[in-house]
Every structure is written in C-alpha cells, then in structure tokens.
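Quick caveat, the model's predicted, so the values are computed rather than measured. Atoms considered below: every heavy atom in the structure, side chains included; atoms not considered: hydrogens, waters and symmetry mates.
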Amino acid sequence: MVRKAGRRWGATVAKLRWGRQLRAARRAVATHRGQAEADANPRYRLALAESLRTLGELLAKVDRPAEGLPYAEEAVDICRALADTELARYRSGLAQCLGTLGELLTTLVRPAAAQAAKDEATSLVEDPADIVAFYRDLAEVDPDRRRPALAAALHYQASCLKQHDRPDESLPLLEEAIALRRGPAEAGTGPLRRIALARSLCLLGEVLGQLGRPADGLPFIEEAVALRRDLAEADADPRRGIALALCLRALSRLLLQLGRPAEALPFAREAVGLWRRVAESEAGDRRYRAGVAVSLHTLGELLAKLDRPAEALPYVTEAVDLHRDSLGLLGSQRLAGSLRTLGEVLAALDRPAEAQAARDEATSLDGETQADAS
C-alpha cells in the first residue's frame, strides 16, 4: 500500500515537473515569436527555432509526439530559410532541428520521412564538398525546393576554399551559386533571397581580386553594393548597414587594387559612418567597435596612398587604439597592419622617432604570431 502511494506521489511530482517545463517552453516560443515578428534580425528567428525545437522535444518526452511534430517542422523551416542564405552560420542549428524532427517522425512510425531528416542532419556536419554532393542529388529530384540549399552549399564550399588560399577552385562554385540564386532574388520572393545573392556576388568579386583580376570582379561587387544598399534603406535598424559596410570595404579594396584610390575614398568614408552608427547604437557590443577599427584602417590607408598623411593620421591613430581594444576579436595581425600604416603616415609627416616605434611594435607582433604558429 505504501509502495503504491509512493509511486502515485512520484508520478504526480513528475507530472507537475513536466507541466512546468512545458509552460515555460510555450512562454519562450511566444516571446521569441513576438521578437521575430517585430524585428527582422536573424538572431530572433534562430531563437524562435530553438524554442520550437525544445517544445517539440518536451512534448515527445511526455508521450505527445503528434503535438510536438508541427513545432519541430516549423523550427526546420525557419532554420532552412536561414541556412539557404548563410550555411556556414546556420548549418549547426538546422542539423539540430532536423535531428529532433527525425526522432519525432520515428516515434510516429514514419520511417521514410524520419530517415530523410536524419540523413540531411548527418550531411550538414560533413566536409563542404560532401554537403554540395548531398544537396546536388536532392536538387536533381526536387529542383524548386532544393536549389536554394544547393546554392548555399556551393557558396559555403567556395568560401572555405578561398580561406585556404585556393581561389581558383572556388571560382566555378561561386558562378554556379550565383546562377542558382539570381532567379529567385530577381523574382522578388523576399529579402533573404536578395541577401543570399549579394553575399555570393561580393565573394565572387573578392575571389577575382585574389586571382589578380580586379577589373573582372568590380561589376560583381558593385551589384552586391547596390543590393545591400536597397536592403539597408528598407530597414531603419542601423545593424542592417553592417553588410553594406562590408561590401563597401570590399569595393574600396578592389578599387585600390586597380590603382583608383580616389574613387574608393567615398565608399571607405561611408563604411566608417555605417560602422559608427551601429557601434553607437550598440555601445555594449565590442564586435561593432572592431568593425569600426577595420573600416578606419582602410580609410587611413587610402588617404595615405593619396599623399594626404595629415588627414590620414587621426583615422589611423584611432584604428590602432580600437585594434588594441579588440585584440581578442581581431588578433595581433590586424593590429600589426594598422601599426605599419601608422608608421608610414608618421614618416610622411616627418616624425621619424614615432614612426620607428610603430614599426618596431608591428615587427614584434609579427614575431609573436610566427612563434604561436610554430
């Protein structure tokens, strides 16, 4: 009798505990849904997806998988749309949501659908080339639904190759990604498609510059800038200007490579202004000050190239100070680069002792970087 009463009490406590967790999960979904509807920032959509996935998992644990399924499906849909735009950032979240969906479908005895979800989740943790191969097979069977994912996988592999100094291999991948992304973006199917196209266009321009073909890359980055400008102007949030600032910096670098620093100057100034707006509106986030640092360095470099060292000095000095503050985010190589530019500017202003001090510090930082790498 005592044992039965104990079991009943244990079951009651467990039921109360699960009930509290479910109520908390539903509140989290409601909160994140409100944030996602009020603000287009992807982080709110990602938070909504994570809360939906958690709710789906909890419902499965209390033997209510049929109720949990639509939450897991919505979480996958949200993460898939984000991953189609930027796979590198969102593939982990998509894989987790697909894993939860696969488990729910297994419990509901839907083996084919469950296996498809699990296979896709597994593919997302593979090598970039394997991810491309996986989505290429799916796109051949269902092109309308799967081409955006294939384009994202192609962009992701191209970006990885560029980072590993293999730009020649990334070039055809980016060209294919742009061909896949251009149609949906021009059809006006929502900002995410235009964002995805702008990202691939900018990367293609950078790759062509890396390959010593800046004139070929210029129209692609100019198109990316135009797309990003339209998107930023459509949203009052200063953070929407970050992507535009990054494209403007890429455009400035390409124009500098072409020997046209005077044309690059207004774009570099605009990038600084965009980063400052974000840094001022998000004063507690050091990442934005790091963005200001990089943009200031670019502006200072351009002014130095144009033989305007007196104008360059305050920008480069501020860039060095901000690079020091952002050492953990940007690394010592960035600081060393800004110090070298400062040294050049100070030398042009006939301040040799200060110039040599900046150069010596840059050389010291280079030595530390080489020691760390060995």
Between [X] and [Y], which heavy-atom pair has the shortest distance, and what is it?
X: A177; Y: A151; value: CB-O, 3.7 Å
X: A304; Y: A312; value: N-CB, 4.1 Å
X: A310; Y: L349; value: N-CD2, 3.8 Å
X: E206; Y: I221; value: N-CD1, 3.9 Å
X: G343; Y: A355; value: O-CB, 3.3 Å
X: T106; Y: A114; value: OG1-CB, 3.4 Å

Does any part of the side chain of [Y], heavy atoms only, come nearer than 4.5 Å to the side chain of [X], both counted from C-beta?
X: R53; Y: Y71; result: no
X: L104; Y: E67; result: no
X: E86; Y: Y156; result: no
X: F134; Y: L124; result: no
X: T298; Y: L256; result: no
X: Q96; Y: T100; result: no
X: R359; Y: L339; result: no
X: L22; Y: R64; result: yes

Is there a chain of hydrophobic side chains (I, L, V, M, F, W, Y, each step under 4.5 Å between heavy atoms) that links [X] to [Y]?
X: I178; Y: L251; answer: no
X: Y315; Y: L322; answer: yes
X: F267; Y: V225; answer: yes
X: L105; Y: L58; answer: no
X: L94; Y: L101; answer: yes

| message | I'd like to know whether E318 forms a salt bridge (Lys or Arg N to Asp or Glu O under 4.0 Å) with R276, so could you lay out the CA-CA distance, the side-chain angles of the two residues, the decisive distance to 0.1 Å, and finally the verdict. | response | CA-CA 12 Å; E318 186 181 358; R276 284 202 195 279; 2.9 Å; yes
| Which of these passes side chain to side chain contact (heavy atoms under 4.5 Å, CB included) with W275: L246, L296, L248? | L246
At what distance, to the nearest 0.5 angstrom, does [atom1] of [X] lie from [atom2] of [Y]?
X: D321; Y: L335; atom1: CG; atom2: CG; answer: 10.0 Å
X: L208; Y: R213; atom1: CG; atom2: CZ; answer: 5.0 Å
X: R80; Y: L98; atom1: CZ; atom2: CG; answer: 5.5 Å
X: R229; Y: C247; atom1: CZ; atom2: SG; answer: 10.0 Å
X: L174; Y: L161; atom1: CG; atom2: CG; answer: 9.0 Å
X: E126; Y: I131; atom1: CD; atom2: CD1; answer: 7.5 Å

| task | Would you check, one step at a time, whether the test side-chain contact (heavy atoms from CB on, under 4.5 Å) holds for L138 with R145? | result | CA-CA 9 Å; L138 291 181; R145 287 184 61 240; over 6 Å; no
Tell me whether [X] contacts the main-chain N or O of [Y] through its side chain, where contact means a donor paired with an acceptor under 3.5 Å.
X: T317; Y: P314; answer: no
X: R147; Y: L180; answer: no
X: R286; Y: D325; answer: yes
X: R181; Y: A196; answer: yes
X: H297; Y: A293; answer: no
X: S295; Y: V292; answer: yes
X: R45; Y: L82; answer: no

Short N-O contact, [X] and [Y], less than 4.0 angstrom:
X: R33; Y: E74; value: yes
X: E176; Y: R136; value: yes
X: R277; Y: E282; value: no
X: R194; Y: E223; value: no
X: E186; Y: R182; value: yes
X: E301; Y: R253; value: yes
X: D366; Y: R340; value: yes

| Working for side chain to side chain donor-acceptor pair (under 3.5 Å), residues Q210 and D165 | CA-CA 9 Å; Q210 195 174 348; D165 201 26; 3.2 Å; yes
| said: Taking CZ in R89 as the centre, count heavy atoms belonging to other residues, nucleotides or ligands within less than 6.0 Å. Is the count above 12? | reply: no
| task | Check the surroundings of atom NZ in K305: do more than 12 heavy atoms from other residues, nucleotides or ligands lie under 6.0 Å from it? | result |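 It does not: K305 NZ has 12 such atoms or fewer within range.
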| query | Yes or no on side chain to side chain donor-acceptor pair (under 3.5 Å) for Q35 and D39, after CA distance, side-chain angles and deciding distance? | reply | CA-CA 6 Å; Q35 290 173 332; D39 192 322; over 6 Å; no
| Candidate pair E169 and V207, rule side-chain contact (heavy atoms from CB on, under 4.5 Å), full reasoning | CA-CA 10 Å; E169 295 175 60; V207 165; over 6 Å; no
| field | Candidate pair E280 and R239, rule salt bridge (Lys or Arg N to Asp or Glu O under 4.0 Å), full reasoning | value | CA-CA 11 Å; E280 289 166 3; R239 290 171 299 182; over 6 Å; no
| query | Under 3.5 Å, is there a donor-acceptor pair between the H155 and S200 side chains? | reply |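 The answer is yes; a qualifying pair exists.
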| request: Could you give me the CA-CA distance, side-chain angles and deciding distance for L265 and R308, then say whether side-chain contact (heavy atoms from CB on, under 4.5 Å) is met? | output: CA-CA 12 Å; L265 194 59; R308 294 157 65 177; 3.5 Å; yes
| request: Under the side-chain contact (heavy atoms from CB on, under 4.5 Å) rule, what do Q257 and L218 come out as? Steps first, then yes or no, please. | output: CA-CA 10 Å; Q257 191 177 348; L218 189 61; over 6 Å; no
